[in-house]
Amino acid sequence: MYTQGLNEQTGRPVAAEATEDEARLRAFQARIDAEEKIEPKDWMPDAYRQTLIRQISQHAHSEIVGMLPEGNWITRAPSLMRKSILIAKVQDEGGHGAYLYSAAETLGVSRAELIDQLLSGRAKYSSIFNYPTLSWADVGAIGWLVDGAAIMNQIPLCRCSYGPYARAMIRICKEESFHQRQGYDIMLKLARGTAAQRRMAQDALDRWWWPSLMMFGPPDAASMHTAHSVRWKIKRFTNDELRQKFVDFTVPQAKFLGLNVPDPALRWDAEAGMHRYGEIDWTEFNQVLKGHGPCNRERLAERRAAHEDGRWVREAAAAHAAKHGARAAA
Ligand SMILES: [Fe+2]
Ligand SMILES: [Fe+2]
């Protein structure tokens, strides 16, 4: 994951486009409407650039912070096979972060600047990674639900109007699909296991269901970025549309597992051809976004420590590059 369509503003406000040259704006929109890809050196409205920097960097941060809750279980995975799968998955997430920082850099922002925004707490990442992983079943629930929600969000991004982001998403989506399946496989094993294992799987679903629905971001009525992002074909579906697809896709999977979705209001609406679900606790969502979720402080502290631990590597690489640069110039 994990773009969340959040409301915070960074950079110039979207209204700044009003000052852009009208003819160029029209030509730009015509290219978007014709499904052409916008490439880094092409002219683009400043608000388009800022929206993409915000979204891609938030997505990159989410991939990197998302390594932490699952990384927590690598040493405790129940078998060698599960351990190797989990290591591969966590490594994939690191790779997703790397592609996405590179895609953001094509828009004229440096990776160092973006990482500084994350570590200083100015940038957001997906709210979901501020919840703890209390049992092995949580690793299953994350793969099934969190990576599942990520796929729902990200498949339309493969057709995003910005070329570097769209191309990065194609490979990422292939890997997310493996992540989702490995998570569901863990849930299936637990759901068909002992009574204690079934309880563990149900408990994980109980704790991860609602935060997974929150991953799609605020409701459309409260999402200030949606209209522009849809017009620019950065987003193809609104937050609520994607959330609905996720519910419709996931509820039958929960039934197959024999687990109960923790929502007493959940019902199939045959007339509308969709599931109706209960009210999401947006107060909890906003609290987590403001930094008051169960693990916000812990996650940022871990990222800061990892950044410090890697300082010598960055310094050594910079010294090596400078030495070779000086040699080449001589
Ligand atoms: Fe990922
Ligand atoms: Fe993933």
Side-chain angles (χ1 to χ4, degrees), residues 1-6 52 54-74 77 82-104 111 114-115 118 123-133 136-160 164-188 204-205 208-209 211-217 235 242 245-246 249-250 253 295 299 302-303 306:
M1 231 272 91
Y2 308 76
T3 59
Q4 200 158 38
L6 303 174
L52 278 167
R54 180 184 54 80
Q55 178 168 330
I56 300 173
S57 62
Q58 184 180 294
H59 192 165
H61 300 326
S62 302
E63 300 283 358
I64 298 293
V65 177
M67 297 166 78
L68 297 172
E70 290 177 290
N72 183 33
W73 278 90
I74 288 174
R82 292 288 182 198
K83 191 192 289 273
S84 55
I85 293 171
L86 186 56
I87 289 171
K89 189 214 188 245
V90 171
Q91 185 173 285
D92 282 353
E93 306 299 8
H96 298 173
Y99 305 149
L100 290 164
Y101 284 126
S102 297
R111 185 179 303 211
L114 295 176
I115 289 175
L118 171 68
K124 294 281 185 281
Y125 56 86
S126 181
S127 56
I128 194 81
F129 300 119
N130 292 310
Y131 291 86
T133 40
W136 172 251
D138 289 17
V139 175
I142 289 178
W144 171 35
L145 301 173
V146 176
D147 291 274
I151 294 169
M152 214 48 94
N153 233 318
Q154 291 174 185
I155 283 182
L157 290 173
C158 296
R159 293 188 295 130
C160 165
Y165 193 27
R167 290 189 287 274
M169 293 318 303
I170 292 170
R171 174 157 175 189
I172 290 176
C173 281
K174 285 184 185 160
E175 292 178 346
E176 296 299 359
S177 148
F178 153 73
H179 299 168
Q180 196 270 352
R181 276 182 252 168
Q182 66 85 38
Y184 195 71
D185 187 60
I186 292 173
M187 295 303 278
L188 197 58
L205 174 56
W208 290 92
W209 175 254
S212 298
L213 295 194
M214 294 174 197
M215 279 177 70
F216 295 92
K235 285 181 83 153
L242 290 169
K245 274 174 187 268
F246 175 75
F249 194 76
T250 311
Q253 294 179 333
C295 300
R299 299 290 185 238
E302 272 194 71
R303 282 312 314 160

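Please read all numbers here as calculations on a predicted model, not as lab measurements. Indexing begins at 1, ligand by ligand and atom by atom, following the structure's order.
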Can you tell me if an N/O/S atom from D147 lies under 2.8 Å from the Fe ion (ligand 1)? no
To make sure I understand the geometry: which N, O or S atom in E93 is closest to the Fe ion (ligand 2)? OE2
Provide the atom name of the closest N, O or S atom of H179 relative to the Fe ion (ligand 2). ND1
R159 meets the salt bridge (charged side-chain N to carboxylate O under 4.0 Å, His left out) criterion, sequence neighbours left out, with none
Salt bridge (charged side-chain N to carboxylate O under 4.0 Å, His left out) involving R303 - partner list, sequence neighbours excluded: none
Do the non-hydrogen side-chain atoms of S126 and M215 ever get within less than 4.5 Å of each other? yes
Pairwise side-chain contact, H59 with R54, heavy-atom cut-off 4.5 Å (strictly under): no
As a test of reading the structure, name the N/O/S atom of E63 that is nearest the Fe ion (ligand 1). OE1
At the Fe ion (ligand 1), what is the angle formed between atom ND1 of H96 and atom OE2 of E176, rounded to the nearest 10°? 90°
Does D185 come within less than 4.0 Å of R82, counting only side-chain N to carboxylate O? yes
